[in-house]
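Below is one structure; the comments refer to it alone.
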Amino acid sequence: MEQTVGRFAPSPSGRMHLGNVFCALMAWLFCRQAGGRLILRIEDLDTARCKPTYTAQLVEDLNWLGLTWDEGGNLPGYRQSERSDYYSACLKKLQQQGVIYPCFCSRGELHAASAPHRSDGTFIYTGRCRNLTAQQRQVLFKQRQPAWRLAVPNKTICFCDQLQGEVSQDLATDCGDFILRRSDGVFAYQLAVVADDAAMGVTQVVRGKDLLASTPRQLLLYQLLGVKPPQFYHLPLLCSESGARLSKRDQSLDLGALRRQGITAQEILGRLAWLCGLQETFVPQTAQQLLANFNPQKLKREDIIVPADLFCAEKP
Ligand code: GLU
């Protein structure tokens with residue numbers, strides 16, 4: 001049987017919040033339970049938002065939580081910002097297959113009032129640049145740097161998520177031709193994540209349900225790159241009492257604020273495990289203790305509300 005290779009792939013655009021801790025914990029538990037090797041990859045493509053100090057802090061926070069990895073971390077081969085040559089090679093491979101095309105549309109053209117929307121509110125590209133002639137492209141290349149899009153086929157992609165069950169998406173109508181490289185040269189998440197998971201031999205992807213709708217696009221890329229896709233586990237999202245998904249904006253629940261008020265790593269892990277259904281009570285637990293009792297059947301599938309006062313430190 002092939003060895004499980006899991007990964008945790010955070011974007012260092014701020015201090016880790018509880019949602020990130022939950023993803024890291026679950027990636028760690030699923031991978032360790034399978035006796036796998038866990039990779040820590042830093043997804044810092046967005047250099048305007050991702051800062052080296054956040055990466056250093058992330059590594060320190062994961063160590064503090066006791067969520068260990070076997071490969072990667074804050075190292076050159078594992079920071080996406082330094083892997084552009086490799087993404088270029090993957091893009092070239094797709095170009096040779098004739099499945100990508102340059103898109104010269106400006107922001108205004110993309111956001112034309114008639115543009116249809118996806119369920120997540122983003123625009124579905126109309127395909128305006130898909131059928132330009134070689135001559136038209138040549139003229140436009142002289143005027144501006146294009147983005148590169150993948151021409152999606154007219155087909156439905158289906159897969160079975162290990163936690164969310166059957167998922168299917170008609171790429172042409174639900175998603176449209178999507179960007180692999182932006183016009184400013186930055187590679188898109190969809191390409192980088194598949195290229196890296198493929199290169200690193202990842203067989204198990206555990207991540208938030210916010211990325212479930214991206215998975216069919218990624219499966220198409222696996223197919224085109226000729227790589228066997230991993231198994232996917234899309235976790236429920238953590239939400240505040242108002243129902244909004246926790247994000248880096250909820251600073252009272254980031255690890256900086258939580259650690260300052262004196263909460264321990266075991267208290268955070270124990271309470272998260274209780275919230276997501278893994279433990280009956282919220283007693284403090286180490287990652288190792290949670291692993292000893294880890295039963296994925298108990299894990300909640302629907303989004304999880306975090307009570308505002310649950311993550312206050314125990315009074316001495
Ligand atoms: N880097 C993404 C994030 O921070 C996760 C990507 C993934 O797990 O596929 O949310």
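Ligands are counted one by one from 1 in listed order, and the atoms in each one are counted from 1 as well.
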Problem set entry | Numbering as shown, the atoms of ligand 1 that approach Val193 to under 4.0 Å (heavy-atom distance) | 9 (O)

Problem set entry | Side chains of Leu272 and Ile268 in contact at under 4.5 Å (non-hydrogen atoms) | yes

Problem set entry | Check: Ser11/Ser13 side-chain N/O donor and acceptor closer than 3.5 Å | no

Problem set entry | Region of Arg7 that comes within reach of ligand 1 [heavy atoms, distance under 4.0 Å] | side chain

For this session: Mark up the atoms of ligand 1 that fall under 4.0 Å of a heavy atom belonging to Tyr189, in ascending order.
Result: 6 (C), 7 (C), 9 (O)

Exercise. How does Leu211 reach ligand 1, by side chain, by backbone, by both or by neither, if only non-hydrogen atoms under 4.0 Å count?
Worked result: side chain

Problem set entry | Per-atom contacts of ligand 1 with Glu43, taking only distances under 4.0 Å to non-hydrogen atoms | 1 (N), 2 (C), 5 (C), 6 (C)

For this session: State, yes or no, whether a side-chain contact exists between Gln164 and His234 at a heavy-atom distance under 4.5 Å.
Result: yes

For this session: Report, in ascending order of atom number, the atoms of ligand 1 lying under 4.0 Å from any heavy atom of Arg207.
Result: 7 (C), 8 (O), 9 (O)

For this session: For the residue pair Phe232 and Tyr222, categorise the inter-ring angle as parallel (less than 30°), tilted (30 to 60°) or perpendicular (more than 60°).
Result: perpendicular

For this session: Check Gln33 against Leu291 and note the closest heavy-atom contact, atom names and distance.
Result: N-CD1, 3.8 Å

For this session: Measure from atom 9 (O) of ligand 1 to the protein's non-hydrogen atoms and state whether any distance is below 4.0 Å.
Result: yes

